[in-house]
Structures are given as structure tokens and as C-alpha cells.
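Quick note: numbers below take in every heavy atom, side chains included, and nothing from hydrogens, waters or symmetry partners. When a residue number appears, it is its place in the shown sequence, counting from 1. Both ligands and their constituent atoms are indexed starting at 1 by order of listing.
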Amino acid sequence: MKLTSVELVRASLPLASPFRTSFGTQTVRQVLLVHVTTPESEGWAECVALEDPLYSSEYVDGAAHVLRHHLVPRLAAAQGLTAARVATVLHPVKGHRMAKAGLETAVLDAELRAAGTSFSTHLGGVRDRVPAGVSVGIMDSVPQLLDAVDGYLAEGYVRIKLKIEPGWDYEPVRAVRERFGDILLQTDANTAYTLKDWKLLQRLDAFDLLFHEQPMDEEDVRGHAELAKLLATPICLDESIVSARAAADAIALGACAVVNIKPGRVGGYLEARRIHDVCVANGIPVWCGGMLETGVGRAANAALAALPGFTLPGDVSASSRYYAQDLTAPFVLDDGHLTVPTGPGTGVEVLPDVLASLATSTERLL
Ligand code: OSB
Ligand code: MG
């Protein structure tokens with residue numbers, strides 16, 4: 001395959017409601033799309049880096065910079081390019097997995113569109129629809145949280161994830177469990193705790209949660225193994241799992257019983273599939289995380305979530321949970337599920353008029 005052009009398209013999408021986590025409040029998603037063309041087809045991908053380096057070290061201006069100055073030039077110079085070779089070509093550049101994932105996914109989309117194959121088929125999907133969970137942000141009050149959860153359950157979401165932080169944990173979790181009974185419920189702390197908080201987290205064992213997601217620092221894998229011994233509630237890792245090797249190590253240490261797979265965080269869908277395989281081989285359930293993606297990223301995430309090891313509902317919510325106007329035809333909930341696209345590549349099309357109205361810049365790199 002030969003790349004004939006690579007473009008970065010930036011767009012600014014207001015979120016349907018503010019999304020507060022322990023690392024800050026998102027009100028607008030600064031979206032970075034990677035658009036490639038080849039003589040046969042074109043490909044689109046969404047780089048999931050957020051505006052600020054608060055979830056991980058990557059951020060959207062940094063991702064655009066490393067794509068422009070380091071990643072795209074290397075890919076443009078490569079001979080005999082295939083999507084499967086992208087990671088090897090980019091390997092000399094350390095880190096920057098979200099930027100690498102954006103580029104690899106755009107190339108993979110182009111390749112699969114030319115071959116007439118869907119992401120789901122290529123990755124090994126076994127389901128035509130995937131259960132949808134929803135990630136519920138920190139709120140100003142418990143009644144406000146209960147209203148939000150009530151609304152999501154009424155829409156059909158099959159699992160609720162509550163963002164927590166010190167000071168917003170026991171009461172909101174207790175209130176949601178008491179009010180809504182036997183729902184699938186889990187937390188996500190985005191690294192807001194330390195091992196010193198173990199007693200506080202142990203009190204949450206009373207609420208029969210599926211797991212706590214990433215209670216402690218990204219690099220504190222051994223700490224998570226210690227915490228796991230102190231809690232009845234399983235630990236799931238998000239930020240710490242940056243590769244299949246990191247997943248294998250965390251599992252071997254006993255740091256997690258569940259893994260959140262986000263393709264952007266790990267360098268792309270091909271590495272995401274390897275993490276899936278490592279987890280399946282170790283009997284570790286996985287689920288597909290989210291980064292407030294538009295339909296462009298959501299389509300590929302739905303395909304990944306169709307793999308057999310994805311036995312827990314993902315943060316693959318309907319478009320309306322994020323955006324009044326998505327960049328693709330909206331993903332809608334059908335009986336608590338999203339339909340896995342079946343068309344070539346991601347199976348979705350960027351709506352040109354919508355993108356034109358929300359785009360803030362377009363930069364041609366090749
Ligand atoms: O930690 O899972 C996370 C959003 C942005 C950054 C990190 C996280 C999240 C979410 C929302 O929890 C997931 C989604 O619905 O896209
Ligand atoms: Mg998380």
C-alpha cells in the first residue's frame with residue numbers, strides 16, 4: 001500500500017453534559033482525526049488524546065506534534081507498507097501510543113475498505129451487537145447523580161460505572177445501590193487513591209461491585225496487587241495497561257482480575273487484540289473502555305468489543321450520551337446494545353457537512 005496523503009483534522013464538539021472525573025471536568029471534546037488516502041481507498045481514525053495531559057501523559061497538541069514531526073515522516077518513508085507493519089515502523093519512537101494508534105487505525109481502515117472487510121471480521125468478532133454500559137461523572141450532589149443514573153437506566157444501559165474520588169465514594173455508591181437495587185455497578189477512580197486509603201475502599205465491599213477501576217497510580221502496579229489482597233471487590237486496571245506485556249505482568253503480579261482495553265491507550269487495535277488474547281489465556285475478563293469518542297472511534301470500539309473475551313459491558317455508549325450531533329450517523333441503543341457495524345473498514349462514514357461545520361483546522365502532512 002502507498003500513502004498518497006495524510007491529513008490531521010481538528011474539531012471541537014460540545015459534550016451533551018459536562019463530564020467530571022478526578023482529573024478534571026470535560027465540557028468540550030477537542031477531537032483529532034487522522035485521514036489517509038491510498039490509490040485504492042481512504043481511511044479515517046480518531047486519536048483519543050484529551051486536551052490536557054491529565055488522564056495520561058498524552059494530550060491532543062502533543063499528539064498532533066509527534067504525528068507531524070516523527071510518526072508520519074517515518075511512515076511516509078516506509079516501503080511495502082501494510083497496517084500490520086505500522087507498529088514496527090513506528091517502534092523507534094518511544095511512547096505516544098495514542099498518536100500511533102490514530103495513524104495505525106487510519107491505515108487499517110483504508111486497507112480494510114480496499115479489501116471489503118469489516119473491523120469486526122478482521123479482529124475476530126463473534127457478536128453482531130455489544131452490551132452498552134455508561135460512565136457517570138462526579139456530580140455536585142447525590143440527588144443529581146441519582147437523577148442521571150435513573151435517566152441512563154431508563155434508556156436501557158445495562159451497566160453503570162460511577163466515577164469516584166476521595167470525598168465522592170461511599171455515599172454516592174451506597175445511594176445508587178440502595179435506590180436501583182441489583183444493577184451491574186462498578187467504580188472508576190482514575191488513580192485518585194493511594195494504598196493508605198485501603199480501609200475507605202474496603203467499606204465499598206458492602207455494595208457488591210463488579211470491580212474498582214484503577215484506584216491508584218498508573219505506575220503503582222505492585223500497590224494494586226497489595227490492595228487486591230485487602231479487598232473483596234476485584235481490581236480492574238485501565239491506565240496501567242499500556243501494552244500486552246504490561247497486561248501479562250500485571251496479571252502475573254496479581255494486580256488485576258479484570259482489564260479495561262482502550263485501543264488508543266495501547267497503541268491501536270492490533271495491540272488491543274493481543275491484550276485480549278493474553279487475558280483470555282489467563283482467564284481474565286476484559287471490556288472495552290472509552291475516551292468520549294465520536295462515531296469514528298466508537299465504530300471501531302464496537303467491533304473490538306465483539307471479540308469473545310469481552311464478557312463485560314463496555315463504555316461503548318450511544319452517541320447521544322456524548323454529543324447532540326455526532327460526526328457519523330448516530331449510534332443508538334437497541335435494547336441496551338449497540339449494533340456492530342458490518343460495512344468495510346469501520347463501516348461508518350464521516351458526515352462531510354457536519355465535519356465542515358465543527359472543524360477548527362485541517363493540516364496536510366503528506
Ligand atoms: O477512565 O475510563 C476512563 C473518559 C475519558 C478519559 C478516561 C475515562 C473516560 C470514561 C468515559 O470513563 C468513557 C466513555 O464513555 O467514553
Ligand atoms: Mg478508566
Salt bridge (Lys or Arg N to Asp or Glu O under 4.0 Å) between Asp150 and Arg179, worked out: CA-CA 9 Å; Asp150 194 34; Arg179 164 86 179 271; 3.7 Å; yes
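A donor-acceptor contact shorter than 3.5 Å is absent between the side chain of Thr21 and the backbone of Ile138. Looking at Gln144, its side chain never comes within 3.5 Å of a backbone N or O of Met139 through a donor-acceptor pair.
At least one N/O/S atom of Asp188, whether from backbone or side chain, sits less than 2.8 Å from the Mg ion (ligand 2). With 2.8 Å as the limit, Glu239 does not count as an N, O or S neighbour of the Mg ion (ligand 2).
Looking at Asp238 against ligand 1, only its side chain comes within 4.0 Å, counting heavy atoms. At a 4.0 Å heavy-atom cut-off, ligand 1 touches Asn190 through the side chain alone. Looking at Lys163 against ligand 1, only its side chain comes within 4.0 Å, counting heavy atoms.
Closest to atom 9 (C) of ligand 1 among all protein heavy atoms lies Gly290 O, 3.7 Å. Taking atom 4 (C) of ligand 1 as the reference point, the nearest protein heavy-atom neighbour is Phe19 CE2, 3.6 Å. From the protein, the heavy atom lying nearest to atom 6 (C) of ligand 1 is Met291 SD, 3.5 Å. Ranking the protein heavy atoms by distance from atom 7 (C) of ligand 1 puts Lys262 NZ, 3.4 Å first. Atom 16 (O) of ligand 1 has its closest protein heavy atom at Leu292 N, 2.8 Å.
Listed by atom number, the atoms of ligand 1 under 4.0 Å from Glu213 heavy atoms are 2 (O). Ligand 1 places these atoms under 4.0 Å from at least one heavy atom of Lys161: 2 (O), 3 (C), 12 (O). Ligand-side atoms of ligand 1 in range of Tyr55: 1 (O), 7 (C), range being under 4.0 angstrom from any heavy atom.
Using 4.0 Å as the threshold, Gln214 has no heavy atom nearer than that to any atom of ligand 1. Remark: distances from the non-hydrogen atoms of Gln26 to ligand 1 are all 4.0 Å or more.
For the pair OD2 of Asp238 and OE2 of Glu213, the angle at the Mg ion (ligand 2) is about 90°; rounding is to 10 degrees.
For the pair Ser135 and ligand 1, the shortest N or O to N or O distance falls below 3.5 Å.
Side-chain N/O atoms of Asp205 and Thr233 include a donor and acceptor closer than 3.5 Å.
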